[in-house]
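One structure is given below, encoded as structure tokens.
So you know, we letter chains A, B, ... as the sequences are listed, proteins then strands, and number each from 1. None of the values given here were measured: they were computed from a predicted structure.
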Number of protein chains: 2
Amino acid sequence: MDLTERKRRILRAIIESYIQSAEPVGSKAIAQAIGMEVSSATIRNEMADLESMGLLEKPHTSAGRIPSVQGYRLYVNELMEEHKLSLQETERINQALRLKMQELDRVLDQAGRVVSQLTNYPAFALSSGMERVTIRRFDLLMVERNAFIIVVMTDSNIVRNRLIRLPSDLTEAQLQLLNTLLNTTFTGLTLEEITPELMRVAQHAAGDSYGLISLVVSFAIEVLESLERRTVHTSGLAHLLELPEYRSLDRAQPLLSYLSEDTDPARFPIPKDDPMKILIGPENVADALKDTSVVVASYDIGDGMRGVIGVVGPTRMDYAKITARLSYLAEGLSRLFGRGELPDGRDDHK
Amino acid sequence: MDLTERKRRILRAIIESYIQSAEPVGSKAIAQAIGMEVSSATIRNEMADLESMGLLEKPHTSAGRIPSVQGYRLYVNELMEEHKLSLQETERINQALRLKMQELDRVLDQAGRVVSQLTNYPAFALSSGMERVTIRRFDLLMVERNAFIIVVMTDSNIVRNRLIRLPSDLTEAQLQLLNTLLNTTFTGLTLEEITPELMRVAQHAAGDSYGLISLVVSFAIEVLESLERRTVHTSGLAHLLELPEYRSLDRAQPLLSYLSEDTDPARFPIPKDDPMKILIGPENVADALKDTSVVVASYDIGDGMRGVIGVVGPTRMDYAKITARLSYLAEGLSRLFGRGELPDGRDDHK
DNA sequence: GATTAGCACTCAGGTTGTATGAGTGCTAAA
DNA sequence: TTTAGCACTCATACAACCTGAGTGCTAATC
């Protein structure tokens with residue numbers, strides 16, 4: 001059967017109406033929406049065709065039609081018009097970017113929050129995780145005679161620090177010695193390459209009776225681990241309950257629980273090649289997401305890392321609007337963090 | 001009217017049954033619970049008395065009784081038996097403490113999560129906020145010719161850092177100069193004392209044409225602000241929906257929204273003098289919490305700061321169990337962070 | 001005087017039956 | 001090919017009814 005232009009118009013009208021109302025839409029309503037060129041009976045015939053093509057379905061005999069997953073897919077791929085962001089919307093997003101994204105450390109979390117506020121859907125944010133991170137340099141700063149600060153910087157330009165106190169005193173010279181030893185022995189190594197063996201050797205070479213080296217190195221290990229570990233942040237969960245499809249607790253609870261237990265990042269889809277991805281209903285791998293849609297976008301955090309932000313909602317979510325906002329935000333984030341241009345307020349360099 | 005020993009026993013039985021079941025409890029059930037020494041009719045008489053004393057109430061004529069706010073208050077103050085934590089429970093808490101609390105930075109968030117997991121209620125966590133924080137020292141570390149790291153340490157021993165890139169190159173000597181200038185001019189000052197005036201003077205004195213000083217100082221300001229600003233973290237919101245009183249969306253939604261929009265810490269109660277506080281129903285100030293109970297505990301983060309963790313649940317929450325777990329956890333956290341014993345692995349100092 | 005058995009009464013919640021209306025599919029006419 | 005008309009299907013809302021748990025009161029009992 002042919003997907004005529006009229007069928008496409010009707011399908012689109014049905015989907016957009018359903019996106020708005022969450023109610024099955026009938027032939028009469030569509031006849032009106034299209035502009036009364038044809039009668040509702042004609043629409044009915046067309047709808048029957050669309051249904052047999054698998055693009056629509058009926059919740060029951062005498063209800064209107066609702067889009068099927070295939071229908072949404074067609075809509076997203078071909079029918080959907082690009083949503084133009086209003087000046088207000090872009091301004092709001094820009095403001096969010098300016099205000100919230102000060103600390104790189106908390107980008108993930110913040111990005112999720114912003115997305116959720118922007119879309120009124122629950123959102124999640126995760127980092128795509130780094131592999132093969134290494135420490136680029138160590139710095140030890142003497143604070144008091146029995147306290148110093150470790151500063152480590154990774155090859156991906158992330159800096160972490162910790163204050164260490166000792167049971168006994170330490171001289172500046174000792175610290176210097178330790179510092180150079182660390183920088184010669186433990187830089188450029190991945191997590192796996194830092195073996196207990198290596199530490200023992202270094203400890204011996206330095207004549208380190210205090211176990212200082214292991215203290216500092218274990219901090220470095222912690223940093224490397226935390227960077228390799230991906231974490232997920234979810235936010236705006238309460239938005240879910242505003243949607244008619246989740247007025248029933250039986251529907252809402254499993255999804256809410258799934259999103260709340262944000263332990264395992266593997267459960268959230270990440271876009272591989274494209275900057276943006278739309279997963280409709282059963283296209284999701286996770287069971288709990290089987291009748292929700294997920295829109296994910298990725299952005300460049302710089303230094304080879306990518307961040308991922310996503311929105312979870314009912315299959316009838318307003319794809320046009322969501323994708324527009326999400327991609328605009330992702331671009332903004334890329335601009336902010338990517339290309340080595342960190343959000344420190346610094347300008348472009350070299 | 002006298003609150004006889006028998007009345008107290010009955011009241012307690014009613015409250016504990018209601019805490020378990022969330023169903024109004026009838027005379028017969030109580031007669032059984034007490035041990036059938038008396039008949040249900042007697043219980044009925046006693047219950048009528050308790051009701052006229054304002055300790056019980058009826059949802060409607062032919063239902064059982066439920067505790068009133070006053071009833072809960074009496075229970076919490078006098079009737080409640082201390083809940084003994086099982087070995088498993090303490091072990092679980094200790095493990096959570098050991099595993100999760102590695103980074104002081106994320107204590108708040110983590111503490112909230114742990115509480116929520118421990119109690120199966122939504123939890124919130126906030127810091128009591130610091131006042132009059134000052135920078136104790138600056139360190140500038142040269143990374144490349146056009147990049148350096150700022151490390152600032154506050155008088156409360158919190159260390160923060162940031163990587164700064166410059167449009168042009170810089171010599172080690174320049175950085176040294178800047179470093180000493182910062183340490184002589186901008187240490188020991190509170191947020192208010194760092195005026196634009198002062199910055200201009202310093203900039204002039206240093207002949208700082210790059211605006212480097214303002215770059216570094218604005219980072220310092222950011223750090224001070226972030227420490228003074230209190231933030232709230234909520235977690236485990238989905239637990240709310242497991243409770244029968246929030247099976248109805250109309251009840252759950254306002255509360256969920258209230259807890260989700262965790263912007264304003266002022267909306268959450270913090271215990272003033274006592275280490276633990278129980279707020280039952282309308283004893284809460286916030287409207288959205290008027291028919292929930294909140295249990296909060298505070299713990300010592302060290303250096304004069306206190307953290308606050310709390311649990312939100314229905315008025316019929318299991319006060320005995322919750323308070324036991326919460327206070328154990330709070331003590332653990334105090335031990336971990338308080339008394340200058342930071343989780344860095346360092347020991348007591350001076 | 002305190003306790004108990006018995007009984008009438010109340011009321012939430014579940015079940016059943018019925019009406020309503022939105023929407024459909026099919027057929028015959030335009 | 002389109003349209004009007006009609007019979008048919010269901011979800012939903014609503015009223016009527018039943019049931020069972022629980023109460024308050026009264027009169028008998030300890």
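- Salt-bridge formation is not detected for the pair A:Glu283/A:Lys290: no Lys NZ or Arg NE/NH1/NH2 atom is positioned less than 4.0 Å from an Asp or Glu carboxylate oxygen.
- Checking D:dT23, D:dG5, D:dC10 against every side-chain atom of A:His60, the shortest atom distance belongs to D:dC10.
- For D:dT9, the base has a donor-acceptor partner in the side chain of A:Ser62 [N/O atoms by modelled type, under 3.5 angstrom].
- Counting to the nearest Å, the P atom of C:dG23 and the CD atom of A:Glu57 are 18 Å from each other.
- A straight line from CD1 of B:Ile10 to P of D:dT23 spans 12 Å, rounded to a whole angstrom.
- Taking all atoms of both residues into account, the shortest heavy-atom contact from B:Ser235 to B:Arg113 is OG-N, 3.3 Å.
- Atom-to-atom, CE of A:Met47 to P of C:dA22 comes out at 16 Å; the value is rounded to the nearest Å.
- The side chain of B:Thr61 lies closest to C:dC11 when the candidates are C:dT3, C:dC11, D:dA4.
- Across all strands shown, B:Glu46 has no heavy atoms under 4.0 Å from either base or sugar-phosphate atoms.
- The phosphate of D:dG24 (OP1 or OP2) has a side-chain N or O of B:Lys58 nearer than 4.0 angstrom.
- Closest to the side chain of A:Arg65, out of D:dA4, C:dG6, C:dG25, is C:dG25.
- Nucleotide D:dT1 holds its P atom 11 Å from the CG atom of A:Asn45, rounded to whole Å.
- Taking 4.0 Å as the cut-off between side-chain N and carboxylate O, B:Glu16 and B:Arg12 count as a salt-bridged pair.
- Each of B:Ser40 and A:Ala48 was matched to the nucleotide of DNA chain C holding its nearest heavy atom; the match closer to the 5' end belongs to B:Ser40.
- Residue B:Ser39 places at least one side-chain N or O closer than 4.0 Å to OP1 or OP2 of C:dT4.
- Minimum atom distance to the side chain of A:Val38 is reached by D:dT3, of the listed C:dG25, C:dT4, D:dT3.
- Partner B:Ser27 forms a side-chain hydrogen bond (donor to acceptor under 3.5 Å, both in side chains) with one of B:Arg44, B:Gln32, B:Glu46 and no other, that one being B:Arg44.
- Side-chain proximity of B:Thr42 to D:dT23, C:dT4, C:dT10: nearest is C:dT4.
- Between D:dC6 and A:Arg44, no contact under 4.0 Å exists linking OP1 or OP2 to a side-chain N or O.
- Residue A:Ser27 is in sugar-phosphate contact alone, with no base atom involved, counting any heavy-atom pair closer than 4.0 Å across all strands shown.
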